[in-house]
Amino acid sequence: MNTEKIMEAIGEINDKYICEYAVIKPLSSPQKKSKRLFNIHQIKFFVNSFKRQLAVAFLCFAVIIGAISVGLLKEHNIQPSVPDEESDKTISEDIEMPALLFVNNKLYRFDRMIEKDAISTDSLIYLGTVKSSVSSGEIPTENFQSSCGIVGAVIYEYSGNIIVLNREEYELYTPAK
């Protein structure tokens, strides 16, 4: 298109349509720019946002500490309890002792259950059976004595540890410290 055709097309537009779509902008003085780096609304938003972020951070911290505490309590078989007013029990008396086994003049403590497939029976050395048991909370002091009532269970030596075959399940006992 050349310039003449454009001018001719513009000239044919009715003035009625031009007035209808004209936008009139009011004259206004340009606003002064603020010399401040931040205005008060930006500062209030930042402070409120920071408070929310700080509250969320503390909440996350509390949840993590709680989860760690519960994990440690479960790992050591500690049941948190508060002594009753009627009872003189202390919290340390409520802690459950692990199963203990006294074999060949050495005290062993229950570590974990082991699946039968995980142990080669060729590497087990037969030592005998559990002969007697002491009541829960007491420490066994005689050879082939346990604190968990497994009289008759078969005892094997396995890599410096003790394996007990009790009701068709292997239990691993490690030296007590």
Practice task
With sequence neighbours left out, write down each residue that passes side chain to side chain donor-acceptor pair (under 3.5 Å) with D122, or none if nothing qualifies.
Solution key: none

Practice task
Apply ring pair (Phe, Tyr, Trp, His ring centres under 6.0 Å) to F110 and list each qualifying residue two or more places apart in sequence or on a separate chain.
Solution key: Y173

Handout entry: All side chain to side chain donor-acceptor pair (under 3.5 Å) counterparts of D111, not counting sequence neighbours
Key = none

Practice task
Apply side chain to side chain donor-acceptor pair (under 3.5 Å) to S123 and list each qualifying residue two or more places apart in sequence or on a separate chain.
Solution key: none

Exercise for the section: Apply side chain to side chain contact (heavy atoms under 4.5 Å, CB included) to I155 and I162, showing your working. Expected result: CA-CA 7 Å; I155 302 172; I162 297 294; 3.6 Å; yes

Handout entry: Side-chain hydrophobic cluster, 4.5 Å single linkage: members besides L59
Key = none

Exercise for the section: Check which hydrophobic residues are tied to V63 through side-chain heavy-atom contacts below 4.5 Å, counting indirect links as well, and list them. Expected result: none

Exercise for the section: Any chance you could pull the hydrophobic cluster mates of Y156, using side-chain heavy atoms under 4.5 angstrom and chaining through other members? Expected result: I114, I119, L124, Y126, V154, Y158, I163, L165, Y170, L172

Practice task
Just jot down the side-chain contact (heavy atoms from CB on, under 4.5 Å) partners of I64, sequence neighbours excluded, or say none.
Solution key: I68

Handout entry: Flag side-chain contact, heavy atom, 4.5 Å: F144 against V130
Key = no

Handout entry: Pairs touching residues 154-172 that satisfy salt bridge (charged side-chain N to carboxylate O under 4.0 Å, His left out), sequence neighbours left out
Key = K116-E168

Practice task
Return the set of residues passing side chain to side chain donor-acceptor pair (under 3.5 Å) with K131 (not counting sequence neighbours), or none when no residue passes.
Solution key: T129

Handout entry: 4.5 Å side-chain heavy-atom contact, I139 and V134
Key = no

Exercise for the section: Compare all side-chain heavy atoms of Y108 with those of T174 and state whether any distance is below 4.5 angstrom. Expected result: no

